[in-house]
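Take a look at the structure below.
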Amino acid sequence: MRLVAHLDMDAFFASVEEKLNPHLAGKPLAVGGERSRRGVVSAANYPAREFGIHAGMPIAEAVRLCPEATFIEGDPKKYLHISLQVLDALKEFTPIIEPFSIDEAFLDLTEAPRIVDAMRAGGVDRGDPEAVLRLSVDTAHAMQRAVWDRVGLSATIGLAPNKYIAKMASGLHKPRGLTAMTQERYREVFWPRPVGELWGIGAKTSDALGRLGIRTVGKLAVFPRELLTYHFGLNGDRMQDAARGEDDAPVVPFYEGVPVKSMGHEFTLETDLSDRVRIGAHLLRLSDQVGRRMRQDGYRGHVVSVKFRDASFQTTIRQRALPEITDDETQIYTVASALLDEHWDGRPLRLLGVSMSGLVAGAGSQHELFESDAHRKEMTEAVDALRDKFGDGAIVRAGALRWDSDA
Amino acid sequence: MKFSVAQNELLQALQVISSAVPSRTTLPVLSNILVEAGDGALQMTATDLDLSITTRATAEVKSDGSLTVPAKKLFELARKLPKEELKLEAKDLTLIVVSKTGRFKFLCIRPEEFPARPTVAPDVHLTIDAKAFERLVRRTVYSVSTDESRPALNGALFQLVEGEIRLVATDGHRLARASLKHPAATKNALKGDVILPLKALNHLARLLPDCGENVTVELSKTHARFVLGSTTLTTKLIEGPFPNYEQVLPKNNNKHLVVNKDAMAAALDRVSVFSDSLTKQVKFAISKNRLRLVVQTPDQGEATEDLDVKYDADDLDIGYNAVYLLDILRTMDTEEVLVQLNTPVTAGLLVPVASGDTKTPAVENLLCLVMPLRLAG
């Protein structure tokens, strides 16, 4: 059998904020948009959850439920940095890691050396799911410790023969939970429960299933498949597989060492923008991110693409080949900026993206003739090192700050 | 405006200027050419605001005047007309071309909208042998950077130093300096760095072969003007400063290798069949009197070539971009090339080895520099 782990950081955004400001620990805390605005809660810590505050709830309502709670405006850059560190800590267990969201990841442990060794030492047969899961609990604990040692935050893990059950299992006991679940156990636990508890089935689908007389997971698992397909199309098949705990989706690592065709970042603007200076600042920031990611993963490329979408959702993508391969954000930015100027008619934009393709990995790099160029390379390396240590927000290009100023 | 002109006169003039018409422009009048009749001659101009080309054609002018005419259409018509006398006449905002059998009417734009030719008040005025100047351009133009983030390198530096006219171009990874002894270069009258844009260099390389014996060069702080027979090219200069390239010319390259130029170019061309299409990496493994070219590319295969050379220094392994070297070798016309090296991380110099039968006059000089690649793996 396969062995898949689903790792879910406990109340991630809120825990990061508690970690950075210990005075907040143990008190109700919600992370979301500004208190005065119409934002929603992105994450609540466990004390806040006791007041009924949960992710997705309008902030105004959360304030009503618990006026004394602390509300913090989220900082995605900070969370992303920590998220990357978590992934890095998990790398020692297996290279097959699929980041599923900023605070969740799937790991394929089937061939993980620790597991293989443990099976050999314990004389465990791969065909015995219960024995394999029992023996992998130690490794899962080690993963939780590794995450704690790296970022000081707790995580919950589900272990199972596939991604779906692993995800459902991790949801059972939180925080700091560890649940190993065979397919049989999954059916025992979930079949009596309402269909709405299944991952991927929301309120609307759950109502629609109810109209067919399907209220429990167990009922969904044994309902005639043709009828489900008739009512829900492909989704009907998927729902029944989910109810049965069947899933052959592979864990798809994006991480590294995997051939990549392009690397890019795009960004939906908070408000539609036609101010060229601010748009330029966004392009600079996106170019900076692309360059950094290429350097981190050892790629260089020679085709710059810029993407922009206007308020009517008309999307334009334009690209240009560079004379040589590069991972230098200044060069990426200059070309992206020129492409925008050539093809943008000034209409307000809602989305911007920059990407590089025509990538090569691990190519020999060209020595620089001019000392100033060599210095620029050294400076980029120094900035990368600072960001590795203190986070991507530790040092930013001054030009990239113009997007949130009024100047 | 009214004149008659031979079809081939008109076509030739249009061939000279048409490539200066920008293919995309926000200013509609730039898609037109300015046609002027006066002083018994016909003059036509195309510009993209940075660069303009004006040329003269023989015509029989009946009445003076000017108009701007859609460049693409006029060029296309001129190409399709037979060799015969054409009558052209401006009427209101149209130009009517009458051939033996046809009548063609162009919708035009007022000449006042055409950008005025920049006035160049030259600090320097030179006359240069056209063939020699063409060689200067061809021997440097390939090194000009097209990296838009380095504007000062998007052209070639024009210098008057040590009795020489020099053109220098670099993209930060290679550099070419071509020079020509010239009596007017004994004192440097240039104000600031004169950087000729790549576009102007490409036009010069195209126009110089057919321009007659000499070219006149006028330089001001902001513009350069080249008078090539009946054609005049005016270009804005790129704002400097150009990097101090003299500083990076290596002085301690004591490991000297002499190789047959054509043999090396052919061998490089063959091994680079196997090189990575983006990095074009080739390794030079140099030992006593031997140069081995090695290409090893994962998923592509490998290639080696052995060349007999003159070399008597320590063994050396250096990586290069094969295309850089081929570009350089193409600009040399001697039988042998001298390669001066030092370490695998510092600049290498290539110079043509003068011999009795060289085609290049002794008043010309060429120095090429190339940076190595950090070998992958």
Side-chain angles (χ1 to χ4, degrees), chain A residues 257 259 283-284 287-288 291 294 298-304 306 318 320-346 356-377 380-381 397 399, chain B residues 23-26 142-154 170-176 198 241-245 247-250 275-283 295-299 318-321 323-324 343-349 369-377:
Chain A
L283 280 185
L284 181 58
S287 306
D288 193 27
M294 295 215 296
Y299 283 95
R300 274 175 295 146
H302 76 127
V303 179
V304 178
V306 67
R318 289 290 178 272
R320 172 169 304 158
L322 301 172
E324 283 174 42
I325 51 172
T326 189
D327 56 11
D328 174 42
E329 59 248 20
T330 308
Q331 217 180 335
I332 299 171
Y333 166 71
T334 309
V335 175
S337 210
L339 282 170
L340 179 81
D341 287 335
E342 286 162 30
H343 299 283
W344 174 52
D345 59 5
M356 284 290 278
S357 54
L359 301 181
V360 277
S365 70
Q366 182 69 52
H367 289 286
E368 297 295 338
L369 176 56
F370 295 107
E371 229 167 90
S372 56
D373 292 335
H375 282 163
R376 195 165 73 160
K377 269 191 182 173
T380 306
E381 281 164 20
R397 288 178 163 268
Chain B
S23 50
R24 239 191 351 227
T25 171
T26 45
Y142 69 89
S143 266
V144 172
S145 169
T146 52
D147 175 354
E148 295 163 80
S149 65
R150 327 268 318 256
L153 300 187
N154 296 167
T170 178
D171 63 4
H173 295 151
R174 52 186 168 164
L175 180 147
L198 178 59
F242 197 82
N244 183 353
Y245 75 90
Q247 235 170 32
V248 300
L249 298 179
S275 66
D276 180 280
S277 61
L278 289 174
T279 64
K280 292 288 177 192
Q281 177 177 303
V282 52
K283 187 175 88 175
V295 171
Q296 284 169 317
T297 313
D299 316 328
I318 311 186
Y320 287 111
N321 179 329
V323 172
Y324 289 178
T343 71
V345 298
T346 52
L349 281 176
L369 184 155
V370 60
M371 289 303 289
L373 273 175
R374 199 172 287 122
L375 288 165

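What you see is a predicted model; the values in this text were computed from it and never measured. Below, chain A is the first sequence line, B the second, and so on; all start at residue 1. Values reported hereafter were calculated over all heavy atoms of this structure, with side chains retained and with hydrogens, waters and symmetry mates removed.
For A:Ile325, the part lying under 4.5 angstrom from a heavy atom of chain B is the side chain only. The parts of B:Asp147 that come within reach of chain A are both its backbone and its side chain, each placing non-hydrogen atoms under 4.5 angstrom from that chain. Interface residue B:Arg150: only side-chain heavy atoms are found under 4.5 Å from chain A. Only the backbone of B:Pro344 has a heavy atom closer than 4.5 Å to any heavy atom of chain A.
In terms of heavy atoms, B:Asn244 sits closest to A:Phe370 at O-CE2, 4.5 Å. Between B:Ser149 and A:Thr334 the shortest heavy-atom distance is CB-OG1, 3.0 Å.
At least one donor-acceptor pair closer than 3.5 Å links the side chain of A:Gln366 to the backbone N or O of B:Pro372.
Ranked by heavy-atom pairs under 4.5 Å with chain A, the first of B:Thr170, B:Val370, B:Asn321 is B:Thr170. Looking only at heavy-atom pairs under 4.5 Å with chain A, the residue among B:Val345, B:Thr279, B:Thr146 that has the most is B:Val345. When the candidates A:Arg300, A:Glu342, A:His302 are compared by the number of heavy-atom contacts under 4.5 Å with chain B, A:His302 comes out ahead.
Looking at A:Arg320 and B:Glu148, a side-chain N of the basic residue comes within less than 4.0 Å of a carboxylate O on the acidic one, giving a salt bridge.
Here CG of B:Leu175 is found 6.0 Å from CG of A:Leu369. Values are rounded to the nearest 0.5 Å. Taking CD of A:Glu324 as the reference point, atom CG of B:Asp171 lies at 5.5 Å (rounded to 0.5 Å). Note that CE of B:Met371 is 7.5 Å distant from CD of A:Glu368, once rounded to the nearest 0.5 Å.
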Side chain to side chain contact (heavy atoms under 4.5 Å, CB included) between A:His367 and B:Arg374, intermediate numbers included: CA-CA 7 Å; A:His367 289 286; B:Arg374 199 172 287 122; 3.5 Å; yes
